[in-house]
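Note that the structure is a prediction, hence the values are computed from the model and not measured.
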Amino acid sequence: MLLYQFLLKRGLESRKSQEEFFKLMLSAMEEGGVKIIQAPTGTGKTYGYLIPIVEKGQKAIISTGTKLLQEQLRRDLEVIKSYAGYILGNHVSYVVLKGKSNYLCLDRYYAEAQKVPELEMAINSGWDGDFEFVNLDADLREKLCVDDDYCTPYYRNMCKYRYECYYWSKLKNLEKSAQILIINHALLSLREFENPEERLLVIDEAHELDKYITSSLKTGFSTYTLQIDILGRIREFLPSAHVDIESFFTDNFEHLFKEGKEEVALENLCPYAEDFEKRIMTPLFSLYQRVKEEVMHSIHSFLKERLFVSLKLKDYLLNSGVLAWEDYLKINSNYEELSQEEEKLLKKLKTYQLLTKRLTRLKEFFQLMKEEKPEMGYMVSRSWSRKLQTYNYRLECFPVFPSGFIDFSGYKAVVITSATANPIDLEKTLGIVGDYYELEHTLPYHQIDFVVYLVDPREEDWKDCLMRAYKYLRTLYDKVLILLTNREHMKLFEKEEGLAFQGEDSLSKLVEHLREGRIKALAGLDSLWFGIDVKGEKGLLMAKLPFESPEDPITFHRIRFLKSVGEDPFEYQKRKALIKFQQGIGRLIRSKEDRGTIVLCDKRIFKFKEFLRVVEKLGIKVRVVKMLK
């Protein structure tokens with residue numbers, strides 16, 4: 001491949017495993033099918049799929065786990081793109097796609113009485129509408145984002161901002177012409193892509209694909225949705241309307257949340273259905289009936305007072321379905337555009353229609369509450385809402401295993417890859433079956449110092465051992481990563497100087513601060529095990545083997561389901577922990593120049609031999625100590 005040969009001359013390191021990746025990519029383009037590739041850290045898998053795609057001019061969809069990883073992928077593609085233009089004369093076009101809720105709806109924004117300074121500046125500065133690049137409260141983002149219930153296909157065609165729309169006009173037009181689409185895993189279940197049969201689908205960072213898909217399939221309602229989205233819209237018609245929504249959630253669920261716990265698994269939602277109907281459904285639908293009567297009265301009064309209306313209003317009334325056919329036939333129209341009075345009526349009708357759709361979804365969710373399905377999981381969560389000035393509770397249900405909810409057929413070919421791609425896990429959780437390839441690792445893992453302290457996380461002295469291990473690593477390195485499995489354990493490090501916690505700022509900024517030496521250590525949960533890259537010498541503290549808490553809602557329901565069908569849930573838990581453990585080791589060594597020490601405060605590695613075999617297979621020697629001196 002010309003592009004690869006050129007990059008080798010420019011200093012790209014020749015790697016046997018990467019060249020094997022090239023061959024597998026070319027084979028997928030020619031033969032189709034599904035290929036699962038385990039490409040260890042150091043393979044160079046990003047270039048492994050980008051170079052063949054770009055050189056062959058192949059249309060592709062590349063999916064990765066998070067928005068942060070989308071941005072990293074975009075930067076890599078920019079480098080490849082510049083060289084491809086120079087060497088091959090190829091123009092590589094690409095677009096980064098996120099879900100609709102990540103983009104501003106101009107129509108909803110300009111309908112607001114009060115403008116937002118941050119958005120005003122962004123709109124006037126060539127911004128692409130992505131909320132990621134403006135500092136907005138989550139509640140405001142939800143209120144102003146592109147929403148299918150609001151932006152119906154017919155309304156979209158008549159919206160005054162249709163040609164300026166960030167999502168449906170600008171982004172979707174870019175998508176149609178782009179060679180490469182960079183998406184995140186949550187979008188895979190939506191499958192709203194142009195001509196997928198022409199595209200190769202590459203799923204990178206596939207080790208937690210099932211959990212991303214499961215999260216994208218969650219359905220539910222929150223106090224915010226009920227209070228702002230539904231009751232708030234009712235109050236636009238009936239200002240004095242009141243329903244005590246919060247008390248349903250606090251009375252039923254407040255006692256379930258222990259300190260530091262923000263998600264709770266529920267066996268099912270049946271026990272809450274009767275109270276939900278009495279305190280939420282009945283009063284909301286009673287108010288809605290009054291709103292409906294007022295809206296119909298407003299429409300008929302408006303039409304009765306006018307000889308003619310615009311063609312746009314007449315067509316909208318037809319498509320909205322709010323009028324009987326005989327009433328529609330009585331309307332006369334002789335001009336095209338909406339008048340100011342018609343625009344006001346249309347906005348009122350839009351609010352009513354959005355309210356109708358929200359209540360329809362609420363009714364559908366209520367039906368789910370009354371059913372107990374073994375293949376579904378249930379949970380309640382909460383987070384602080386500045387808008388509500390109280391906790392925003394959310395009730396949700398989701399498929400326990402998302403197998404059957406995502407369809408990979410119809411693509412030209414599918415390549416699934418990760419440093420820890422596990423064909424058994426992909427089949428068990430997602431029903432994905434394909435040809436499996438395991439590439440050789442190329443990094444000097446034998447130079448890692450791997451220390452295991454013989455302490456059990458369930459014992460009293462474990463916390464003391466954890467803190468001593470941290471202080472030991474700090475004496476050796478200016479950069480330390482602390483990989484935890486429980487949010488409560490963050491409190492152990494609160495008084496340590498030079499240490500930052502995941503969640504204090506965006507993860508990308510925190511990682512940059514660690515690289516630059518502005519902080520000396522970074523502590524966190526899942527994202528630190530999976531998705532960060534810190535080059536150079538460093539220490540890595542694994543608090544314990546990363547078994548998911550059985551109280552985690554997804555894990556809770558998977559354990560329950562596996563027991564119900566006669567399977568051993570511990571095999572599932574162990575497989576997931578093993579994937580996470582392998583990912584954690586990969587945080588230490590990202591290139592041949594990286595060095596460091598891993599300390600694991602968990603003697604169970606000698607009980608569960610699979611974890612020990614992972615370490616030994618990489619050529620890492622394990623050093624054992626009983627306690628730090």
Side-chain angles (χ1 to χ4, degrees), residues 40-47 62 64-79 96 98 102 130-135 182 184-185 204-208 211-212 418-420 443 448 469-470 473-474 476-487 489-490 492-494 496-543 546 579-599:
T41 302
T43 299
K45 61 182 170 62
T46 305
Y47 274 24
I62 303 173
T64 191
T66 64
K67 296 172 192 175
L68 175 62
L69 291 172
Q70 279 182 282
E71 181 58 24
Q72 291 178 7
L73 183 54
R74 184 194 67 78
R75 290 198 296 267
D76 288 333
L77 184 52
E78 276 292 334
V79 174
V96 178
K98 300 172 185 175
N102 291 278
D130 187 348
F131 286 131
E132 187 81 6
F133 302 100
V134 292
N135 185 24
I182 300 174
N184 55 56
H185 295 337
D204 197 356
E205 303 296 333
H207 40 269
E208 280 205 312
K211 288 199 173 181
Y212 284 112
S418 165
T420 53
L443 296 179
I448 291 177
Y470 168 68
L473 288 173
R474 280 296 303 272
L476 297 177
Y477 304 101
D478 288 332
K479 294 191 281 282
V480 176
L481 291 170
I482 306 168
L483 309 186
L484 303 172
T485 61
N486 189 319
R487 191 172 297 277
H489 298 152
M490 286 189 180
L492 299 173
F493 300 90
E494 284 179 341
E496 298 298 319
E497 294 183 2
L499 186 150
F501 295 95
Q502 178 186 346
E504 290 180 344
D505 205 334
S506 70
L507 188 57
S508 59
K509 287 183 181 178
L510 292 173
V511 170
E512 194 62 35
H513 292 170
L514 185 64
R515 289 173 183 153
E516 295 171 352
R518 294 165 65 180
I519 57 175
K520 300 298 182 182
L522 178 59
L525 304 168
D526 284 357
S527 295
L528 260 64
W529 288 83
F530 290 120
I532 65 167
D533 186 354
V534 180
K535 291 183 171 62
E537 291 193 355
K538 55 189 167 293
L540 191 146
L541 175 58
M542 288 185 179
I579 291 171
K580 196 169 183 177
F581 178 69
Q582 290 173 279
Q583 285 285 330
I585 293 173
R587 295 316 99 201
L588 184 79
I589 184 163
R590 312 293 297 165
S591 69
K592 289 185 177 180
E593 290 71 40
D594 292 348
R595 300 287 185 276
T597 300
I598 298 175
V599 176

Residues 528-543 side chain polar contacts: donor-acceptor under 3.5 Å, at least two apart:
| residue | atom | partner | partner atom | Å |
| --- | --- | --- | --- | --- |
| W529 | NE1 | L484 | O | 2.9 |
| K538 | NZ | V534 | O | 2.6 |
| K538 | NZ | G536 | O | 3.1 |
| K538 | NZ | L588 | O | 2.6 |

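The backbone N or O of S591 sits less than 3.5 Å from a side-chain atom of D594, completing a donor-acceptor pair. Under a 3.5 Å cut-off, the side chain of H185 and the backbone N or O of D204 do form a donor-acceptor pair. At least one donor-acceptor pair closer than 3.5 Å links the side chain of R595 to the backbone N or O of K592. A donor-acceptor contact shorter than 3.5 Å is absent between the side chain of E516 and the backbone of H513. Using a distance-only test at 3.5 Å, with no hydrogens or angles considered, no donor-acceptor pair links the side chain of T43 to the main chain of K45. Under a 3.5 Å cut-off, the side chain of R518 and the backbone N or O of L514 do not form any donor-acceptor pair.
You'll find the side chain of Q72 reaches within 4.5 Å of the side chain of R75, heavy atoms only. With a 4.5 Å cut-off on side-chain heavy atoms, K479 and K520 do not count as touching. Side-chain contact between L473 and T597 is present, with at least one heavy-atom pair separated by less than 4.5 Å. Side-chain contact between I589 and T41 is absent, with no heavy-atom pair separated by less than 4.5 Å. E132 is listed as a side-chain neighbour of K98, based on a closest heavy-atom distance under 4.5 Å. Taking the side chain as every heavy atom from C-beta outward, V79 and Y47 approach each other to under 4.5 Å. By the 4.5 Å heavy-atom criterion applied to side chains, Y212 and N184 are not counted as neighbours.
Looking only at atom types and distance, the side chain of R74 has no donor-acceptor partner in the side chain of Q70 under 3.5 Å away. No side-chain donor from either of E205 and T64 sits under 3.5 Å from a side-chain acceptor of the other.
Counting non-hydrogen atoms of neighbouring residues, nucleotides and ligands closer than 6.0 angstrom, the CG atom of D478 reaches no more than 12 such neighbours.
In terms of heavy atoms, L510 sits closest to A500 at CD2-CB, 4.0 Å. Of all non-hydrogen atoms in A469 and V599, the two that sit nearest each other are CB-CG1, 3.8 Å. Of all non-hydrogen atoms in Q502 and G524, the two that sit nearest each other are OE1-CA, 3.2 Å.
Here the straight-line distance linking atom CD of E496 with atom CZ of F501 works out to 8.5 Å at 0.5 Å rounding. Taking CD1 of I182 as the start and CD1 of I62 as the end, the distance is 6.0 Å to the nearest 0.5 Å. Interatomic distance, L483 CG to S527 OG, rounded to the nearest 0.5 Å: 11.0 Å.
Just one residue in the list I519, L522, I482 forms a side-chain contact (heavy atoms from CB on, under 4.5 Å) with L499, and that residue is I482.
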Exercise. Evaluate salt bridge (Lys or Arg N to Asp or Glu O under 4.0 Å) for R515 paired with E512, printing each intermediate quantity in order.
Key: CA-CA 5 Å; R515 289 173 183 153; E512 194 62 35; 3.2 Å; yes
Quiz item: After noting the C-alpha distance and the side-chain angles of T485 and L525, does the key distance pass the side chain to side chain contact (heavy atoms under 4.5 Å, CB included) rule?
Solution: CA-CA 6 Å; T485 61; L525 304 168; 5.7 Å; no
